[in-house]
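Proteins get letters first, then strands, A, B, ... in listed order; numbering begins at 1 in each.
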Amino acid sequence: MVKDEDVGEFICNECGLVILEDMLDLRPEWRAFTLEESRAKRRTGPPTDYSRYDKGLSTTMWITRDASGQPIPSKARQQMWRLRRWQIRSTMHGKSRNLMKAMDVIQRLSEKLHISSSVQETAAMLYRKALDKDLVRGRSIASIAAAALYAACRLTEIPRSLEEMAKVSLREKKEIASGYRILVRRLKIKMPIHDPLNHLTKIAEKAEISGEVQGLAVKILREAKQKHMTLGKDPRGVAAAVLYVACQLKNKDVTQKRIADAANITEVTIRNRKKELMKRLSILRKRRRQLKKDRF
DNA sequence: CTTTAGACGAAGTATTA
DNA sequence: TAATAATTCGTCTAAAG
């Protein structure tokens, strides 16, 4: 990870992805001289960050003297007036109002889908960028906010599906999907390729598959990855198929349908992935012969 | 009757020129 | 931006248990 101080961005040196614009000053904005004071001033709730709709700018500026008590030169004061005006305007209407609403949506959806605050911040950052580029005009705030959150999940490889997003946001999947595509295209986001491993436990849990079988599934998946069988395939399909064959090896009675439902894919996809796995993975070779024998 | 396997076209996605 | 290739999905048919 490269920290580029000049432009204030973190850049991943593998994929060139810009992680975060505007570096944050993480120091507290207050000082405390006693323990009591410290306790009183300590805030609850989130620190100043991208989830705050105005980056903390709503603090009122009203200063005529500098820190040492000297009057501030008029030129500088004029500038401060301009800043203050801009600040007032930004809190009252226009984009900030928009942002406020979007942050609210992001927060609500995140709660429902158990999405961590760091991912929320990524989503907020994406939304802010979208707003700067005028991508929200003509589209609903809620759908773009949901799209930003979905994009943030994919960026951080948190497995949350479009379907889940659509369900909690009460919007059409199509709408969020198109918003997502616009974000990716216009913000030039480079999406990491999902590792099926990230989906494996989630699917297994939903389908109520034991940890023992999961362990075997992970092993199978490892070999599949080595042989580059996972690239370009739906990671959920791969994870589901691997789980399915693991169940068979352990003689667990689990139907394709059960796993397919848990993974939100179809049985067809599981079958296709399974066929490939059986053909090419050595782990499955022995067992395949045995299964064949058992039939006679 | 349920599960699994396979085939086909439709639909949406990614890559390339 | 448009064409091309690869992938998934829905549905149907059929075999196996």
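Using a 4.0 Å cut-off between charged side-chain N and carboxylate O, A:Lys174 and A:Glu163 make no salt bridge. A salt bridge does not link A:Asp132 to A:Arg128: none of the charged nitrogens lies less than 4.0 Å from a carboxylate oxygen. For A:Glu223 and A:Lys227, the salt-bridge test passes: some basic side-chain N is under 4.0 Å from an acidic carboxylate O. With salt bridges taken as basic N to acidic carboxylate O contacts below 4.0 Å, none links A:Arg160 and A:Glu164.
Legend: residues meeting side chain to side chain contact (heavy atoms under 4.5 Å, CB included) with A:Lys206, ordered by chain and number and at least two apart, are A:Ala262, A:Asn264. Annotation: salt bridge (charged side-chain N to carboxylate O under 4.0 Å, His left out) contacts of A:Glu172 (sequence neighbours excluded): none.
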Encode nucleotides 6-17 of chain B as B, S and - characters from 5' to 3', where the letter depends on protein heavy atoms closer than 4.0 Å: B to the base, S only to sugar-phosphate, - to neither.
B-----------
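For the pair A:Lys279 NZ and B:dA5 P, the interatomic distance rounds to 14 Å; values are reported in whole Å. Separating the CD1 atom of A:Ile270 from the C1' atom of C:dT7 is a distance of 16 Å, rounded to the nearest angstrom. Residue A:Asp253 contributes atom CG, which lies 10 Å from atom C1' of B:dT3 at whole-angstrom precision.
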Between A:Lys112 and A:Lys167, does a side-chain contact (heavy atoms from CB on, under 4.5 Å) hold up when you go through it step by step?
CA-CA 10 Å; A:Lys112 290 191 183 177; A:Lys167 199 173 289 172; over 6 Å; no
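Contacts classified as ring pair (Phe, Tyr, Trp, His ring centres under 6.0 Å) and involving residues 197-236 of chain A (residues at least two apart or in different chains) are given here: A:His194-A:His199.
Hydrophobic clustering, with ILVMFWY side chains joined whenever heavy atoms are under 4.5 angstrom apart, groups A:Leu126 together with A:Met191. The cluster map of Ile, Leu, Val, Met, Phe, Trp and Tyr, joined by side-chain heavy atoms under 4.5 Å apart, puts A:Met278 and A:Val268 in different clusters.
Listed for the A:Arg273 side chain is no donor-acceptor partner under 3.5 Å among the backbone atoms of A:Ala241.
Of the residues in residues 230-246 of chain A, those placing a heavy atom less than 4.0 Å from an atom of DNA chain C are A:Gly232, A:Lys233, A:Asp234, in numerical order.
Secondary-structure stems of DNA chain C, taken as three or more successive Watson-Crick or G-U wobble pairs (i with j, i+1 with j-1) under a 3.5 Å distance threshold, comprise B:1-11 with C:7-17, B:13-17 with C:1-5.
Contact check, A:Lys274 against B:dA5: a side-chain N or O comes under 4.0 Å of OP1 or OP2. In this structure, A:Gln256 reaches the B:dA5 phosphate: one of its side-chain N or O atoms is under 4.0 Å from OP1 or OP2.
Closest to the side chain of A:Arg273, out of C:dT7, B:dT4, B:dA5, is C:dT7.
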